[in-house]
2 protein chains.
Amino acid sequence: MEFDIRQSTGHLMVHVMKLHRHTFHKLTEEYDIFPGQPPLLFRLHEKDGQSQKELAESMRVKPATLTVMINRMVKNGHVVRRPDPVDQRVSRVFLTDRGRSVMDSVREALALLEEISFRSFSAEDKQLFHRQLQQMAKDLSGFDAGRHPEGGSTTEME
Amino acid sequence: MEFDIRQSTGHLMVHVMKLHRHTFHKLTEEYDIFPGQPPLLFRLHEKDGQSQKELAESMRVKPATLTVMINRMVKNGHVVRRPDPVDQRVSRVFLTDRGRSVMDSVREALALLEEISFRSFSAEDKQLFHRQLQQMAKDLSGFDAGRHPEGGSTTEME
DNA sequence: TCCATATGTTTAGCCGACTAACTATATCTC
DNA sequence: GAGATATAGTTAGTCGGCTAAACATATGGA
């Protein structure tokens, strides 16, 4: 019996995440915020003025991705870039007033999205689901690490 | 107590799907196949010569997305486009020999990906997980439908 | 001091998804 | 039959992610 992609859970996950992203976009487009951006906003809210490298690492995104994203968010007035005074290579990112003011609405939108996604889950089921995802992340990055034996342990998974 | 995006399950899901996509890409790049393309390949394998509109619907993707994807797959020699003989508006898509020959490897890669993703799940847990995702898809599209009361029922979820 | 190397960011180009606007062909209706 | 409308596909432009290569600035060592 062959593996049927169309009935695989992986395929279903892709579909669900498309819906998830789409719903979030609908909930936040009025603030000129797009689905990849909240993680940046919230990290800056926690600690303003981080370097792009710090942000990229913490967001698990490549620096090149951040460069482009930040350009857009500067254009939309959510953040500003200021060069580090002592090391001219690094540029530090700061929330603007607009960025700060938009945060609450975005947080609410995310809370709503979470509520919708898990509204049919019991508390225990959601916890289990969360732990299962953590395990899946571990298994997926473990496999990847196995094929690139160089690098570090990659077992620490926040 | 504020909603903490960084600990939300939605956030974790996004991360897991990034790993999932990345792992799949690594497993198939040698065949010039990219993560969005297997659904097209498998649908054509099931029924060759479908129109782009049929494919777009079944893949739950917009026709514009397919146009571009098919262009690439034509370039890579996986499929060909042939105009429908009776309706000159529609173009039908067919697997090439290469497309057909690549399928088995891609199916194996997907089976492996599924194995890796769920290797820590018991059979029951995986079933539960699958059902929970279906429910989540229903809840997410239900919410979306609620904001666009026109459209159809959108409750049929294959 | 000067060159080599290391580090932080940017640029260019690719894939996947979307929307909006446009083209081309069919079909329907008067 | 001619014009209006509907349908299929394409094009252009956007966002998010990536890699590879370029650029800029620091820092090290000889």
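Being a predicted model, the structure only gives us computed values, none of them experimental. The basis for the numbers below is simple: all heavy atoms, side chains too, and nothing from hydrogens, waters or symmetry mates. To find a chain, count down the sequence lines: A is the first, B the second, and so on, and within it residues start at 1.
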Using the side-chain heavy atoms of A/T65, tell me which of these nucleotides is nearest: C/dT9, D/dA20, D/dG17.
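Looking only at heavy atoms from C-beta outward on A/T65, the closest nucleotide is D/dG17.
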Between D/dT11, C/dT9, C/dA17, which nucleotide has the shortest distance from any of its atoms to the side chain of B/M69?
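Minimum distance to the B/M69 side chain belongs to C/dA17.
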Before accepting this row, confirm whether a basic side-chain N of the pair B/E114/B/R119 lies closer than 4.0 Å to the acidic partner's carboxylate O.
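Answer for the salt bridge query: no.
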Figure out the [atom1]/[atom2] separation between [X] and [N], and round it to whole Å.
X	N	atom1	atom2	result
A/I70	C/dT11	CD1	P	13 Å
A/L55	C/dG8	CG	C1'	13 Å
A/R21	C/dG16	CZ	P	15 Å
B/H22	D/dT19	NE2	P	6 Å
A/E29	C/dT19	CD	C1'	11 Å
B/L66	D/dT11	CG	C1'	15 Å
A/L41	D/dG16	CG	P	12 Å
A/E54	C/dT9	CD	C1'	14 Å

Looking at residues 110-118 of chain A, who's got a heavy atom less than 4.0 Å off DNA chain C?
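Nucleic-acid contacts, sorted: none.
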Identify, residue by residue, the members of residues 81-94 of chain A with a heavy atom below 4.0 Å from DNA chain C, and return them in order of residue number, or none.
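Close to the strand are A/R81, A/R89, A/V90, A/S91.
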Using atom types as modelled and distance alone, determine if a side-chain donor or acceptor of A/D48 lies under 3.5 Å from a backbone N or O of A/L95.
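Pair found, side chain donor or acceptor close to backbone of A/L95.
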Considering non-hydrogen atoms only, spot the tightest contact between [X] and [Y] and give its length.
X	Y	value
B/G10	A/H20	CA-NE2, 3.9 Å
A/D32	A/Q37	O-OE1, 3.8 Å
B/V74	B/V80	CG2-CA, 4.4 Å

At under 4.0 Å between heavy atoms, what does A/R72 touch on the DNA or RNA strands: base, sugar-phosphate, or nothing?
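A/R72: base contact, heavy atoms under 4.0 Å.
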For the pair B/F118 and B/F129, name the ring-plane relationship: parallel under 30°, tilted 30 to 60°, perpendicular over 60°.
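Aromatic pair B/F118/B/F129 classed perpendicular.
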Less than 6.0 angstrom from the centroid, inside 45 degrees of the normal: does A/R81 satisfy that with respect to the ring of A/F94?
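So A/R81 doesn't make the cation-pi contact.
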According to ring pair (Phe, Tyr, Trp, His ring centres under 6.0 Å), who are the partners of B/H25, at least two apart in sequence or on a separate chain?
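Here the qualifying residues are B/F34.
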Is there a side-chain hydrogen bond (donor to acceptor under 3.5 Å, both in side chains) between B/S51 and B/R92 once you walk through the steps?
CA-CA 4 Å; B/S51 75; B/R92 303 201 162 270; 4.8 Å; no
Closest nucleotide of DNA chain D for A/K62 versus for B/N71: which of these residues is on the 5' side?
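Taking each residue's closest nucleotide, the earlier one in sequence belongs to B/N71.
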Indicate whether OP1 or OP2 belonging to [N] is found under 4.0 Å from a side-chain N or O atom of [X].
X	N	answer
A/K53	C/dG8	yes
B/T67	D/dG9	no
B/Q37	C/dC15	no

Between A/V14 and A/S51, which is nearer to the 5' end of DNA chain C once each is assigned its nearest nucleotide?
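Of the two residues, A/S51 wins.
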Kindly indicate, with the supporting measurements, whether the criterion salt bridge (charged side-chain N to carboxylate O under 4.0 Å, His left out) is fulfilled by B/D4 and B/R6.
CA-CA 5 Å; B/D4 181 0; B/R6 293 183 61 172; 5.8 Å; no
